[in-house]
Amino acid sequence: MQNKTGNSQFNWTRLLPFLVWFKLITPAKARDDLFAGITNAVIVLPQGVAYALIAGMPPEYGLYAAIIPAIIAALFGSSWHLISGPTAALSIVVFTTVSPLASPGSPEFINLVLALTLMAGLFQLLLAFFRFGTLVNFVSHSVVVGFTTGAAIVIASSQVKNILGISIESNGSFLSTWSGVFSAANNTNFYALSVAAVTVVTCLFFKRVLPRWPNMLIAMIISSVFAWWLGADENSIALVGEIPGSLPPFMFPSVDSNVFYDLAPGAIAIGLLGLVEAVSIARSVATRSHQSINGNQEFYGQALSNIVGSVFSSYASSGSFTRTGVNFTSGAKTPLAAVIAAISLAIIVLLFSEMTRFIPIPSMAGLLLVVAYNLIDFHHIKLIFRAGKSEFAVLIVTFAATLVMALEFAIYLGVILSLVFYLKRTSQPNIVEVLPDQHSTTPFFISALGSSEPRCPQLKIIRIEGSLFFGSVNYVKDYLENISSPNVLIIGHGMNHIDIAGAEMLMQEAKRRRSIGQALFLSNLKTQVDEYLRRDEYFESLGEQSFFPSKGEAIQKIYEHLDRDICHNCTSRIFQECKTIIPKE
């Protein structure tokens with residue numbers, strides 16, 4: 001009964017992960033989540049409208065995509081700070097996929113976009129079902145830090161035009177944005193700049209003096225009053241403006257078979273891109289909050305958010321870097337903040353849509369500048385720099401690619417580079433010569449690297465530290481062929497894996513040595529490696545006499561077959577067995 005109850009509880013928490021964090025909410029945490037959620041709801045207003053326009057959708061659909069998907073992803077994901085909603089990358093893919101099939105903004109276009117979202121969600125659910133969430137383990141920490149740093153710079157750069165109150169010509173890229181900023185810098189609106197400055201100073205002041213207060217929300221209110229005092233209309237200070245006041249309507253998308261095939265490639269691209277974005281953002285914030293992320297659970301959360309969102313007029317969503325950053329820096333403690341943000345946004349859209357016309361856009365830009373700075377993890381950048389050239393190279397390449405490429409491709413590039421370095425390391429496993437410790441009273445082996453201890457002229461003992469697979473066989477083969485000792489003992493407790501290429505290499509090396517009167521021996525093999533090498537042809541070629549359970553037994557048996565003439569004249573005498581030999585005079 002106890003096991004049954006335990007299993008039942010386990011299954012329920014996996015099915016409904018929000019049951020875990022919901023029990024941890026305290027009044028203090030709820031207050032922090034409330035302030036973070038309200039701040040986030042206001043932040044997403046202009047952002048959601050802008051992303052909807054990029055996707056070719058009516059403005060209100062950008063806000064719809066920030067309500068339902070945010071709630072579902074928070075309830076069924078694993079990150080306590082990730083907030084889902086519309087993103088620039090997904091909006092662009094949506095537009096390029098559907099615009100050839102229907103006129104942007106038309107009812108047919110909207111239906112196809114929602115159908116595309118549903119298909120993307122079902123594809124994500126399929127990946128989650130087969131537990132492909134473990135693939136995110138290939139996104140190394142260096143990639144995450146580099147991506148986070150680059151994305152923070154991109155976010156900050158995108159807001160410079162709003163801070164300066166200028167209009168620029170740009171294709172949205174980092175370089176194009178700054179080129180436009182420098183060209184239009186002479187037209188800086190100092191009233192807008194002052195509003196942004198007041199926002200940043202106020203936010204930093206309250207964060208330093210009263211850290212438990214909602215500094216971003218307070219800064220937004222004070223800057224809005226300041227903009228009103230300056231005369232926003234008279235001095236061309238851009239405001240968010242009014243938004244449509246309606247909740248997401250229920251509408252099940254429909255699509256015929258012909259259009260299905262046209263949408264399928266885009267749905268797969270959106271599904272993959274959305275998952276990479278969401279998990280990468282969740283992991284990047286987790287490095288700051290010290291939370292463990294379940295990649296596959298995030299897959300479920302994102303899949304369900306798109307599936308449910310598609311029937312509530314929400315187009316493709318994923319983790320939002322900006323909103324997640326605001327959520328974390330605003331002091332959110334649990335996913336309740338994301339739920340509050342979505343509910344607050346729905347209330348604002350429904351009841352207070354007219355009030356948004358008083359919020360100055362330079363103030364929003366100032367807050368995003370603070371968010372961007374807080375996303376740069378200087379501590380881990382310093383640690384990665386000290387860790388080694390390969391890790392820092394991954395960080396730099398990912399960071400640079402984030403500035404000059406689309407964010408998703410920067411992640412792919414970082415992952416590929418990480419795998420290249422990983423394969424380089426695994427293709428050259430560490431091979432260490434070992435010797436008996438002459439100063440130890442018990443049989444104990446030490447590394448011969450840098451040691452002046454004598455060597456046995458007839459037996460060389462090496463330890464292979466790494467898997468023996470197709471990528472490393474040539475490196476190990478060259479090492480073995482360059483050993484002049486007639487007998488070689490390989491200590492295998494460092495080999496976790498062997499494949500057919502590794503087994504073939506050992507078999508051929510044993511045959512080669514046997515043909516010239518030499519021998520190859522193996523000891524301390526792990527169970528998987530030992531069982532693999534005892535198969536048919538491999539075991540027949542290597543021979544039972546080549547396998548030993550321990551180094552001591554191996555040396556004892558090998559010693560019996562050493563050339564006694566060489567032993568009598570040897571002065572090394574490094575093994576215990578050598579002590580019984582009487583040297584020739």
Side-chain angles (χ1 to χ4, degrees), residues 38-54 59 62-63 88 151-207 214-243 321-323 325-326 329-330 348 352-375:
I38 295 174
T39 302
N40 220 294
V42 179
I43 284 288
V44 78
L45 288 172
Q47 189 185 67
V49 171
Y51 289 160
L53 296 178
I54 293 174
L63 302 179
I153 300 298
V154 170
I155 291 172
S157 300
S158 68
Q159 298 304 314
V160 172
K161 63 179 181 180
N162 294 326
I163 291 173
L164 300 180
I166 58 178
S167 178
I168 65 173
E169 293 184 3
S170 170
N171 60 11
S173 67
F174 173 79
L175 297 177
S176 177
T177 296
W178 278 103
S179 176
V181 167
F182 287 130
S183 299
N186 293 334
N187 299 323
T188 297
N189 183 335
F190 289 97
Y191 292 100
L193 180 60
S194 65
V195 171
V198 166
T199 305
V200 172
V201 171
T202 304
C203 184
L204 296 179
F205 173 80
F206 277 92
K207 182 178 180 181
N215 54 79
M216 290 190 171
L217 188 59
I218 294 173
M220 191 180 301
I221 294 173
I222 292 177
S223 62
S224 297
V225 174
F226 179 68
W228 171 80
W229 179 75
L230 288 177
D233 294 335
E234 295 84 354
N235 294 297
S236 301
I237 300 175
L239 303 174
V240 171
E242 294 185 26
I243 56 175
F321 214 119
T322 302
R323 296 184 67 200
V326 170
T329 55
S330 297
I348 292 173
F352 306 104
S353 58
E354 293 185 0
M355 294 182 63
T356 60
R357 61 192 177 94
F358 297 110
I359 301 175
I361 289 180
S363 173
M364 311 283 285
L367 290 181
L368 294 178
L369 200 65
V370 175
V371 168
Y373 177 81
N374 289 331
L375 287 175

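Residue numbers start at 1 and run along the sequence shown. The analysis underlying the following values was restricted to heavy atoms, covering all of them including side chains, and did not include hydrogens, waters or symmetry mates.
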Side chain to side chain donor-acceptor pair (under 3.5 Å) with [X]: which residues, sequence neighbours excluded?
{"X": "Trp228", "answer": "none"}
{"X": "Ser330", "answer": "none"}
{"X": "Asn162", "answer": "Gln159"}

**Study point:** Close side-chain approach of Ser183 and Ile168, heavy atoms under 4.5 Å
**Key:** no

Exercise for review: Could you check if a side-chain atom of Leu239 sits within less than 4.5 angstrom of a side-chain atom of Pro360, using non-hydrogen atoms only?
Suggested key: yes

Can you tell me how far the [atom1] atom of [X] sits from the [atom2] atom of [Y], to the nearest 0.5 Å?
{"X": "Ile361", "Y": "Ile163", "atom1": "CD1", "atom2": "CD1", "answer": "12.5 Å"}
{"X": "Asn374", "Y": "Cys203", "atom1": "CG", "atom2": "SG", "answer": "8.0 Å"}
{"X": "Tyr373", "Y": "Leu204", "atom1": "OH", "atom2": "CG", "answer": "9.5 Å"}
{"X": "Ile38", "Y": "Ile348", "atom1": "CD1", "atom2": "CD1", "answer": "8.0 Å"}

On a heavy-atom basis, which atom in [X] and which in [Y] lie closest, and how many Å separate them?
{"X": "Asn189", "Y": "Gly165", "result": "CB-O, 3.8 Å"}
{"X": "Ile166", "Y": "Asn187", "result": "CG2-O, 3.5 Å"}
{"X": "Ala219", "Y": "Leu367", "result": "CB-CD2, 4.2 Å"}
{"X": "Phe226", "Y": "Ser194", "result": "CE2-OG, 3.7 Å"}
{"X": "Ser157", "Y": "Trp178", "result": "OG-NE1, 2.8 Å"}
{"X": "Gly62", "Y": "Ala52", "result": "N-CB, 3.4 Å"}

Review point. Are Thr177 and Glu169 close enough, and set up right, to give a side chain to side chain contact (heavy atoms under 4.5 Å, CB included), and what steps lead you there?
Key: CA-CA 8 Å; Thr177 296; Glu169 293 184 3; over 6 Å; no

Exercise for review: Start with the C-alpha distance between Phe174 and Ile153, add both sets of side-chain angles, then the distance that settles side chain to side chain contact (heavy atoms under 4.5 Å, CB included), and finish with yes or no.
Suggested key: CA-CA 9 Å; Phe174 173 79; Ile153 300 298; 3.6 Å; yes

Check your understanding: For atom OH of Tyr191, is the number of surrounding heavy atoms from other residues, nucleotides or ligands below 6.0 Å larger than 12?
Key -> no

Point to revise | Leu164 and Val181: CA distance, side-chain angles, deciding distance, side chain to side chain contact (heavy atoms under 4.5 Å, CB included) verdict | key: CA-CA 9 Å; Leu164 300 180; Val181 167; 4.1 Å; yes

Point to revise | Polar side-chain atom of Asn235 near backbone of Leu230 as donor-acceptor pair, under 3.5 Å | key: yes

Exercise for review: Say whether, by atom type as modelled, one donor and one acceptor occur between the side chain of Thr202 and the main chain of Val198 under 3.5 angstrom.
Suggested key: yes

Practice item. Verify side-chain hydrogen bond (donor to acceptor under 3.5 Å, both in side chains) between Thr199 and Ser363, making sure each step is shown before the conclusion. Key: CA-CA 6 Å; Thr199 305; Ser363 173; 3.2 Å; yes

